[in-house]
Amino acid sequence: MEFRDLKRQYQYLKENIDSKIQEVICHADFIQGREVVELEELLADYAGTKHCVTCANGTDALQLALMAWNIGEGDAVFVPDFTFFSSGEVVSAVNAVPVFVDIEPDTYNIDGDSLETVIRKTVQEGRLTPKAIVAVDLFGQPADYGKLRRIAEQYHMFILEDAAQGFGGRIGEKKACSFGDISTTSFFPAKPLGCYGDGGAIFTDNDEWAALLRSYRVHGKGSSKYDNVRIGMNSRLDTLQAAVLLAKFPVFMEKELDWMQRIAAEYTGQLADVVQTPFIKEGFYSSWAQYTIQLPEKAVRNGLQSYLKEQGIPSAVYYQKPMHRQQAFAGNEYDDKGYPVANMLSDIVLSLPFHPYMTEEEILLVTGVVKKYIKG
Ligand SMILES: *Cc1c(COP(=O)(O)O)cnc(C)c1O
């Protein structure tokens, strides 16, 4: 069994993907070809934002956003303590300081009350200027943007939505990738909408920032890439990857999202009595980047993971280590006691195999093994 079966997805989509790739190889516009332009229009239209600027990966997408806002030395950026490394890495990469914030125990997303406490403390200390909140849509569920927007406005901060895992999710009818002042996503193969390599995109309604993002992603270009008006980077989405995404997007929207809702419901139906299953807030829709359960304690989690492995079932721990415990951030001296929820969850979470092409038999196999282990 595969954790996320991309081969099965390819078999389903093969004809369309092959022909889209073939077209690119024939017209040979491998960099910024027409598929890239078409994809940007399609994604902006989907998200309901004025602009979509594609780039090389989801990490660059975040960093480019911070660059467009000119965030740097002396600035504080608030980041959830429980996320993939990139969400905090980019803050240090632009020489600002990531200030980690504890999370909600049920949604895994940044906790509004902890955020306010940490912002007030940062303001009182007076060493750093609060500039932005990175809100991550972890495991596919959007963060609580109603609450976050009130806090951001009170402290005059930007919201950067990291929807690397959230693409396809929504709150009511409002789509992920439209909640931030700037929002980003990743097309890494295992993300909800993945390409066949690295890829990313940035979304905003702001014309000035969109123009800056388009400049920064091509060596800080002015009128052309040989007229360089600022220090940028080389971060473009390959035309081939845009072609793969154009082939995948309609099926993701029309079928895969529904299939994942159904599979998640089946998983939860089977497992709700034995383990802590995912909690989705009223009116929120997840894109199911992960199906993550909680076990009563670390030994049970680790035992279950070994038992699953023995039965040929892959699983993963997202995340083993909260951000504040990562060695790379050791210079910032975080107080380990400030993150009780993230610390606790890193010991007891387990993500199960999950993708839109899972069969009924596979779901029952996985849930059967989990039940057998828990019930003894
Ligand atoms: C995957 C991921 C990223 C980074 O995306 P890449 O395309 O791999 O650079 C950033 N943030 C989160 C939350 C992610 O899951």
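In each ligand, atom 1 is the first atom listed, and ligand 1 is the first ligand listed.
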- Query: Judging by distance only, is a nitrogen or oxygen of K191 under 3.5 angstrom from one on ligand 1?
  - Reply: yes
- Message: Take a 6.0 Å sphere around CG of D335 and say whether it holds more than 12 heavy atoms from other residues, nucleotides or ligands.
- Response: yes
- Query: With a 4.5 Å limit on heavy-atom distance, are the side chains of E360 and E266 in contact?
  - Reply: yes
- Message: I'd like to check which ligand 1 atoms, numbered from 1 as shown, lie under 4.0 Å from a non-hydrogen atom of S186.
- Response: 5 (O), 6 (P), 7 (O)
- The atoms of ligand 1 lying under 4.0 Å from a heavy atom of N57, numbered in the order shown, are 7 (O), 9 (O)
- Query: Under 3.5 Å, N or O to N or O, is Q165 touching ligand 1 that way?
  - Reply: yes
- Are F158 and W209 near enough that their ring centres are under 6.0 Å apart? yes
- Check for a donor-acceptor pair, side chain of D205 on one end and backbone N or O of T49 on the other, with a separation under 3.5 Å. no
- Query: If you count the atoms of ligand 1 from 1 in the order shown, which ones are under 4.0 Å from a heavy atom of T83?
  - Reply: 13 (C)
- May I ask whether S87 places a heavy atom under 4.0 Å from ligand 1? yes
- Note on the structure: Between Y108 and V349 the two heavy atoms that sit nearest each other are CE2-CG1, 3.6 Å
- Residue and atom name of the nearest protein heavy atom (relative to atom 11 (N) of ligand 1), distance in Å to one decimal: D162 OD2, 2.7 Å
- Message: When you compare ligand 1 with T59, is there at least one nitrogen or oxygen pair between them that comes in under 3.5 angstrom?
- Response: yes
- Task: Using a strict 4.0 Å cut-off to heavy atoms of V136, name the atoms of ligand 1 that fall inside it.
- Result: 13 (C)
- Task: Give a yes or no on whether K371 atom NZ has more than 12 heavy-atom contacts from other residues, nucleotides or ligands under 6.0 Å away.
- Result: yes
- Does any N or O atom in L138 lie less than 3.5 angstrom from one in ligand 1, N or O only? no
- Query: Can you tell me if NZ on K298 sees more than 12 non-hydrogen neighbours from other groups inside 6.0 Å?
  - Reply: no
